[in-house]
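Structure, as structure tokens:
Atoms within each ligand, like the ligands themselves, are counted from 1 in listed order. Owing to the predicted nature of the structure, the values given are computational and were not obtained by experimental measurement.
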Amino acid sequence: MRIGCPKEIKPQEFRVGLTPAAAAEAIAHGHEVVVETGAGVGSGFEDAEYAATGATILPDAATVFAQADMIVKVKEPQAVERKMLRDGQVLFTYLHLAPDPAQTHDLIASGATCIAYETVTDRMGGLPLLAPMSEVAGKLAPQMGAWTLQKANGGRGVLMGGVPGVGPAQVAVIGGGVVGTHAARVAAGMGADVVVLDRSLPRLRHLDETFGGVFRTRYASATNTAELVAQADMVIGAVLVPGAAAPKLVKRDQLSGMKTGAAIVDVAIDQGGCFETSKATTHEDPIYEVDGIMHYCVANMPGAVARTSTIALGNATLPFLLALADKGWRAACLADPHLRAGLNVHAGQLTYAAVGEALGLPSVPAEDVLAA
Ligand SMILES: NC(=O)C1=CN([C@@H]2O[C@H](COP(=O)(O)OP(=O)(O)OC[C@H]3O[C@@H](n4cnc5c(N)ncnc54)[C@H](O)[C@@H]3O)[C@@H](O)[C@H]2O)C=CC1
Ligand SMILES: CC(=O)C(=O)O
Ligand SMILES: [Mg+2]
């Protein structure tokens with residue numbers, strides 16, 4: 001199979017879908033690899049490192065899309081990239097379709113087979129291709145929130161750890177999964193007073209057993225969430241219902257009850273965000289204000305630390321990439337129900353029910369298109 005890796009074109013996105021190490025393994029498995037010139041530079045990988053593995057460097061994305069059987073990326077294809085996809089081609093990348101009707105319609109129209117990193121599952125009920133970027137975004141969230149809290153950025157002017165005689169920032173983290181746990185650990189490490197809210201009692205139990213004394217936990221009832229949001233200097237949104245649009249847990253009318261200049265960091269923005277007032281922003285222009293509350297809603301936070309993120313993502317995607325290349329997408333998805341869970345679009349049909357529900361579109365089970 002010929003595997004193609006274009007350069008990412010989302011604003012300020014410096015990650016790359018294929019590391020030289022992954023290219024080398026794919027080539028050792030008998031595949032061809034084509035890489036757009038400069039694709040790895042933002043992550044510190046020069047063309048020469050890819051060429052040394054036996055990969056071919058191509059001059060532009062159009063040539064990569066035209067030559068490759070499977071496109072490997074990081075971010076969802078942008079409009080100009082979607083036009084280059086074709087019938088029968090495989091796309092392996094983050095998609096986040098539930099909040100993105102335009103992309104969903106284009107992918108359905110393309111005829112391509114589109115496998116989303118964020119819905120691939122594992123035996124433990126986790127999301128192995130989302131987890132590494134959730135670890136990164138979770139660790140970044142308090143850092144970005146602390147910056148947002150600074151006066152010059154419109155924030156409340158509160159220092160995370162306080163100082164002797166002055167208390168720390170109050171941080172509420174909604175969702176105690178991978179993002180939430182990493183965010184809570186870092187915020188607590190910065191000296192903030194942290195509470196994590198989740199709907200899952202087993203998850204809260206696990207967090208309490210592991211991190212009791214570092215941060216506190218509360219059940220995410222509407223009442224508890226409203227109370228902690230009103231008290232917070234910083235609220236981090238980290239909920240997920242896999243593949244689905246994020247539930248809106250904080251409504252606009254609650255902002256007036258919050259402390260003026262408090263910071264919202266809505267990491268769940270890639271699934272539409274869990275605050276009613278969230279809208280996706282970019283690293284170039286990351287924050288905006290609504291009713292006195294500063295919002296940070298960057299949908300590709302890990303792009304800010306591209307080298308770490310690219311290597312972490314590449315470690316996780318490699319086994320799935322090799323399975324897709326070695327067996328072909330159909331046999332690979334038939335053999336592995338966890339990879340099959342990643343199938344979102346195939347040959348003009350939506351194959352992920354939660355996306356269909358979010359967008360009011362018909363979908364068919366992935367099993368049905370595999371059997372066809
Ligand atoms: N903005 C960015 O750059 C990035 C965003 N993300 C996003 O962050 C979000 C969280 O991802 P993960 O932590 O990996 O997911 P996860 O599945 O590990 O954790 C989600 C948690 O939310 C909880 N939850 C679900 N509904 C809830 C509700 N109504 N109230 C309270 N808790 C609820 C679940 O019980 C679970 O513990 C996802 O939308 C993911 O795509 C991840 C990486 C980068
Ligand atoms: C998960 C995701 O969307 C990202 O890493 O950008
Ligand atoms: Mg994202």
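Counting heavy atoms under 4.0 Å from ligand 1, residue H96 touches it through the side chain alone. Contacts between D270 and ligand 2, counted as non-hydrogen atom pairs separated by less than 4.0 Å, involve the side chain only. By the criterion of a heavy-atom distance under 4.0 Å, neither the backbone nor the side chain of S309 is placed next to ligand 2. Using a 4.0 Å cut-off between heavy atoms, E8 makes no contact with ligand 2 at all. Proximity of A299 to ligand 1, defined as any heavy-atom pair under 4.0 Å, is confined to the backbone N, CA, C and O atoms. In A238, the part holding a heavy atom less than 4.0 Å from any atom of ligand 1 is the backbone. By the criterion of a heavy-atom distance under 4.0 Å, the side chain of L130, and not its backbone, is placed next to ligand 2. Looking at N300 against ligand 1, only its backbone comes within 4.0 Å, counting heavy atoms. Contacts between V239 and ligand 1 below 4.0 angstrom, taking non-hydrogen atoms only, involve backbone and side chain alike. If you look at V136 next to ligand 1, there are no close heavy atoms at all, none under 4.0 Å. Contacts between V178 and ligand 1, counted as non-hydrogen atom pairs separated by less than 4.0 Å, involve both the backbone and the side chain.
As a member of the Ile/Leu/Val/Met/Phe/Trp/Tyr network built from side-chain separations under 4.5 Å, L159 groups with V163, V166. Through direct or indirect side-chain contacts shorter than 4.5 Å among Ile, Leu, Val, Met, Phe, Trp and Tyr, I71 is connected to V34, L58, V64, F65, M84, L85, L91, L95, L97, L107, I108, V345, L350, Y352, V355, L359, L361.
The main-chain N or O of H96 is found under 3.5 Å from a side-chain atom of E118 such that the two form a donor-acceptor pair. No donor-acceptor pair under 3.5 Å is formed between the side chain of E76 and the backbone N or O of Q103.
Using a 4.0 Å cut-off to heavy atoms of V298, the atoms of ligand 1 that qualify are 1 (N), 2 (C), 3 (O).
Counting heavy atoms from C-beta on, the side chains of T277 and L255 come closer than 4.5 Å.
For the pair D270 and ligand 1, the shortest N or O to N or O distance falls below 3.5 Å. Any N or O atom pair closer than 3.5 Å counts here, and R15 shares at least one such pair with ligand 2. Geometrically, ligand 2 and K75 share a nitrogen or oxygen pair separated by less than 3.5 Å.
For the residues E76, H96, E118, K10, the heavy atom positioned nearest atom 3 (O) of ligand 2 is part of H96. Considering each of D198, V179, T181, L197, the one bringing a non-hydrogen atom nearest atom 8 (O) of ligand 1 is V179. The closest heavy-atom contact to atom 29 (N) of ligand 1, among the options R199, M301, H182, comes from R199.
Note: W329 and H346 have tilted aromatic rings, judged against thresholds of 30 and 60 degrees for the angle between ring planes.
Under the 4.0 angstrom criterion for non-hydrogen atoms, M133 is in contact with ligand 1.
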